[in-house]
Every structure is written in structure tokens, then in C-alpha cells.
Amino acid sequence: MRVLIQPLIYLVFVMENLFDITGNVTVITGGTGVLGRAIARYLACNGARVVILGRKEDVGRQIVGDIEAAGPSGSIEFMQTDVLNKDVVERNYRDIMERYGRVDTLINAAGGNMPGATIPPDKTFFDLDTAEFEKVLSLNLTGTVIPTQVFLRAMAGQGTGSVINFSSMAAFRPMTRVCGYAAAKAGISNFTAFMATECARKFGEGIRVNAIAPGFFITEQNRALLTNPDGSFTQRGQDVVRQTPFGRMGEPEELCGTVHYLMSAASRFVTGTVAVVDGGFNAFAM
């Protein structure tokens with residue numbers, strides 16, 4: 001009997017479209033940022049039902065309009081949020097559950113940096129603004145913990161789900177200047193590994209927690225640091241490109257394939273990992 005059953009199981013597995021995300025209810029915090037909106041557009045156009053969460057309602061509505069104009073096979077909508085206010089996130093959760101009845105994927109893309117949490121070349125560690133340091137830690141790390149705590153309830157009830165956090169190159173190697181941001185992103189990588197074990201052991205193997213670590217992409221937050229007003233690279237930008245074997249910055253759309261993989265059944269045995277999308281930045285030693 002075993003000889004007859006095993007080939008049938010294998011046949012069903014290999015014939016399944018492991019990358020099909022049609023109908024996947026996906027929540028993206030920080031969905032109004034450059035990277036978040038690119039991911040939202042891609043997923044909606046590939047059949048997912050996407051809810052982007054962000055602070056700026058006008059920007060969110062505009063993004064929804066732009067994506068809807070592309071004629072997505074899935075759906076897209078915006079909800080205003082504050083990832084540091086659990087009551088607000090709980091309200092988002094109730095609205096999403098009332099509308100869809102489930103949450104399949106949570107992408108924690110909210111985050112950012114502040115000038116006071118950095119140490120520029122003309123200053124030292126003693127000039128670090130600890131208040132802004134704490135704000136950066138809170139925005140990135142606590143702003144990942146709170147949405148995970150809220151939306152994970154749906155996944156625990158379903159027995160399935162995928163959480164994708166946003167780590168950074170700064171989590172692997174503590175780069176100059178970005179003291180607070182690097183500490184926060186290192187925390188996210190650690191939190192990802194912790195939650196992978198926590199979820200698997202307490203809620204079952206159907207729930208996976210991974211992170212994505214983008215290399216250098218031009219966003220509104222780092223544009224002034226990496227580029228000059230005329231579009232050329234600053235010294236910092238030149239250093240990044242020199243350190244990147246591909247010899248360029250990343251394009252936001254180049255994150256989409258990795259996100260798609262981590263949220264789909266193609267990664268059903270993958271949890272606790274940090275997937276690097278960096279053009280070779282982290283692999284380059286000299």
C-alpha cells in the first residue's frame with residue numbers, strides 16, 4: 001500500500017502552484033513608503049487582497065488610486081494607522097477581519113530613522129540624542145512587535161500565516177552614522193528568529209516568521225544621505241555602490257520576488273530566516 005500512496009502524494013505536491021497568492025489577505029504596515037507601495041502594487045496585481053496601513057491618508061488614497069488604475073487581479077485598500085498605538089492597530093484588525101475574515105500575510109515594513117539618532121562625521125558618540133535614539137528603536141522594533149502581536153491572532157486561529165519583517169544591512173554590520181537604526185534592525189532580526197520558534201511550537205508549523213534585509217534602495221528617508229540635489233551620489237552613496245558587486249542601488253520592484261516567495265507555499269518549510277536582497281553588498285569583503 002505504501003508504494004501506491006507515496007507517488008500519489010508526490011504527484012499532488014509537484015502539480016500544485018506553490019507561488020499562487022490569489023486571494024491572499026495581505027496587510028502591509030508602512031505601505032505608503034517607497035518600498036511598501038511597490039510591494040503592494042505587485043501583490044495586488046498578482047491576485048492578493050492587499051490592505052496598506054500608513055499614517056498619511058492623502059498619500060494612501062493616492063497609492064490606492066494609482067494601483068486600481070493598473071487593473072489589478074486582486075484588490076487594494078488603505079487604512080490609516082499608527083503602529084505605535086495598539087488601540088489604533090486593534091481597530092485596523094477588527095475592520096480587516098470584518099471585511100475578509102482572515103489575515104494570511106503580515107508585512108512589517110514600517111520604520112525609519114531620525115537625525116538625532118545618527119552620528120555624522122563631524123560629531124562623536126557623546127552627541128547622540130538619546131531621546132531620538134529611543135524613538136528610532138520604538139518606531140522600528142516596537143512598531144514591528146505591536147502589529148505582529150495584533151495580527152498574529154488571526155493566523156493562530158487559522159493555523160496558517162506568514163509574517164515578513166523588514167531587517168537591514170545595518171543589522172549584519174553596524175555601519176557608521178546610523179547608531180539607532182542599526183540597533184533597531186538588529187533587534188528585528190533577533191525578534192524574527194524568536195517568533196519563528198514561538199509560533200511553530202505553540203501554534204503549529206503552518207505559521208512562519210521570516211525577515212527580508214534590503215540592500216540600498218533610494219527612499220524618501222535616505223535620499224538626501226545618498227544623493228545630491230542634481231541626482232549624483234554623495235560620498236556615502238558612492239561608498240555604497242563601490243561596496244555592492246552589482247555596482248548600483250536596488251530598484252524597489254526587486255524586493256517583490258523575495259516577498260512573494262516568503263508569503264507563498266513555496267517557502268512552507270522556511271522560518272526564522274533573514275533573506276538578503278542586496279546586489280551582493282553583504283557578501284563583499286574587500
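Owing to the predicted nature of the structure, the values given are computational and were not obtained by experimental measurement. Heavy-atom basis, side chains included; hydrogens, waters and symmetry copies ignored.
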Exercise. Are the side chain of Asn228 and the backbone of Asp230 linked by a donor-acceptor contact shorter than 3.5 Å?
Worked result: no

For this session: Might you work through the side-chain contact (heavy atoms from CB on, under 4.5 Å) test for Val163 and Phe151, ending with a clear yes or no?
Result: CA-CA 9 Å; Val163 177; Phe151 287 101; over 6 Å; no

Exercise. Under 4.5 Å between side-chain heavy atoms, hopping through other hydrophobics if needed: is there a path connecting Val59 to Leu53?
Worked result: no

Exercise. Under 3.5 Å, is there a donor-acceptor pair between the side chain of Thr234 and the main chain of Leu225?
Worked result: yes

For this session: Please test Asn165 against Thr144 for side-chain hydrogen bond (donor to acceptor under 3.5 Å, both in side chains), starting from the C-alpha separation and ending with a verdict.
Result: CA-CA 7 Å; Asn165 299 323; Thr144 293; 5.1 Å; no

Exercise. Shared ILVMFWY cluster between Leu262 and Phe217, side chains joined below 4.5 angstrom?
Worked result: yes

Problem set entry | Residue pairs involving residues 59-83 (criterion salt bridge (charged side-chain N to carboxylate O under 4.0 Å, His left out); sequence neighbours excluded) | Glu57-Arg61, Glu77-Arg99

Exercise. Would you find a donor on one side and an acceptor on the other, under 3.5 Å apart, between the side chain of Gln221 and the backbone of Gly33?
Worked result: no

Exercise. Under 3.5 Å, side chain of Ser264 to main-chain N/O of Ala266, donor-acceptor pair present?
Worked result: yes

Problem set entry | Worked check of side-chain hydrogen bond (donor to acceptor under 3.5 Å, both in side chains) between Thr148 and Asn108 | CA-CA 8 Å; Thr148 301; Asn108 283 309; 3.0 Å; yes

Problem set entry | Donor-acceptor under 3.5 Å (Ser267 side chain, Tyr261 main chain) | yes

Exercise. If you count the non-hydrogen atoms of other residues, nucleotides and ligands that lie under 6.0 Å from CZ in Arg173, is the total more than 12?
Worked result: yes

Problem set entry | Side-chain touch Val64/Ile76, heavy atoms, less than 4.5 angstrom | yes

Exercise. Once you round to the nearest 0.5 Å, how far does CZ of Arg102 lie from CE of Met155?
Worked result: 9.5 Å

For this session: Could you pull out all residues at least two apart from Thr29 that satisfy side-chain hydrogen bond (donor to acceptor under 3.5 Å, both in side chains)?
Result: none

Problem set entry | Donor-acceptor contact below 3.5 Å, side chain Asn210 vs main chain Gly272 | yes

Seminar exercise, completed: Separation between OG1 (Thr105) and CG (Leu43), nearest 0.5 Å, reads 8.0 Å

For this session: Could you list all the side chain to side chain donor-acceptor pair (under 3.5 Å) pairs where at least one residue sits in residues 123-140, not counting sequence neighbours?
Result: none

Exercise. Please walk me through it: do Leu35 and Thr219 pass side-chain contact (heavy atoms from CB on, under 4.5 Å)?
Worked result: CA-CA 8 Å; Leu35 304 183; Thr219 66; 4.1 Å; yes

Exercise. Any chain of hydrophobic side-chain contacts (each under 4.5 Å) joining Val277 to Phe284?
Worked result: no

Seminar exercise, completed: Sequence neighbours excluded, the answer for salt bridge (Lys or Arg N to Asp or Glu O under 4.0 Å) partners of Glu254 is Arg248

Problem set entry | Flag if over 12 foreign heavy atoms under 6.0 Å of CD, Gln235 | yes

Problem set entry | Check: Val209 main-chain N/O paired with Thr271 side-chain donor or acceptor under 3.5 Å | yes

Exercise. Could you state the interatomic distance from CD1 (Ile146) to CG (Asp87), rounded to the nearest 0.5 Å?
Worked result: 9.5 Å

Pair up each side-chain donor or acceptor in residues 180-189 with any protein partner under 3.5 Å, not counting sequence neighbours, and list the distances.
unit_1: Lys185; atom_1: NZ; unit_2: Phe166; atom_2: O; d: 2.9
unit_1: Ser189; atom_1: OG; unit_2: Ser167; atom_2: OG; d: 2.6

Exercise. Partners of Ser162 by side-chain hydrogen bond (donor to acceptor under 3.5 Å, both in side chains), sequence neighbours excluded?
Worked result: none

Exercise. Ignoring hydrogens and geometry, is there a side-chain-to-backbone donor-acceptor pair from Ser73 to Cys45 under 3.5 Å?
Worked result: yes

Problem set entry | Selection residues 34-55 - residue pairs positive for side chain to side chain donor-acceptor pair (under 3.5 Å), sequence neighbours left out | Tyr42-His260

Problem set entry | Remaining members of hydrophobic cluster (4.5 Å side-chain criterion), Leu128 | Ile119, Phe125, Phe133, Leu137

For this session: Check whether any side-chain heavy atom of Val51 sits under 4.5 Å from a side-chain heavy atom of Val103, and report yes or no.
Result: no

Exercise. Do Phe19 and Leu255 sit in the same hydrophobic cluster, where Ile, Leu, Val, Met, Phe, Trp and Tyr count as joined when their side-chain heavy atoms come under 4.5 Å apart?
Worked result: yes

Exercise. With a 4.5 Å limit on heavy-atom distance, are the side chains of Met175 and Arg236 in contact?
Worked result: yes

For this session: For the residue pair Ile212 and Ile164, establish whether any side-chain heavy-atom pair is separated by less than 4.5 Å.
Result: yes

For this session: Check the hydrophobic clustering (I, L, V, M, F, W, Y; side-chain heavy atoms under 4.5 Å; chains of links allowed) and say if Ile39 and Val25 are grouped together.
Result: no

Exercise. side-chain hydrogen bond (donor to acceptor under 3.5 Å, both in side chains) with Arg223: which residues, sequence neighbours excluded?
Worked result: Glu220

Exercise. For Asp278, which residues count as a salt bridge (Lys or Arg N to Asp or Glu O under 4.0 Å) partner, sequence neighbours excluded?
Worked result: none

Problem set entry | Residue pairs involving residues 136-163 (criterion salt bridge (charged side-chain N to carboxylate O under 4.0 Å, His left out); sequence neighbours excluded) | Glu90-Arg153

Problem set entry | Any side-chain heavy-atom pair of Asp104 and Gln158 under 4.5 Å | yes

For this session: Hey, could you give me the CZ/CZ distance between Phe269 and Arg208, rounded to the nearest 0.5 Å?
Result: 11.5 Å

For this session: Rounded to the nearest 0.5 Å, what's the gap from NZ on Lys86 to OG1 on Thr142? Could you check?
Result: 12.0 Å

Problem set entry | Validation row: Val27, Tyr100 side chains within 4.5 angstrom (heavy atoms) | no

Problem set entry | Val89 vs Gln149 side-chain heavy atoms within contact, under 4.5 Å | no

For this session: Could I get the full list of side-chain hydrogen bond (donor to acceptor under 3.5 Å, both in side chains) partners for Arg242, not counting sequence neighbours?
Result: Asp239

Exercise. Would you say the side chain of Met249 lies within less than 4.5 Å of the side chain of Val240, judging by non-hydrogen atoms?
Worked result: yes

Exercise. Take atom CD in Glu205; do more than 12 heavy atoms of anything else shown fall under 6.0 Å from it?
Worked result: no

For this session: Measure from the side-chain N and O atoms of Asn282 to the backbone N and O of Met169, and report whether any donor-acceptor pair falls under 3.5 Å.
Result: no

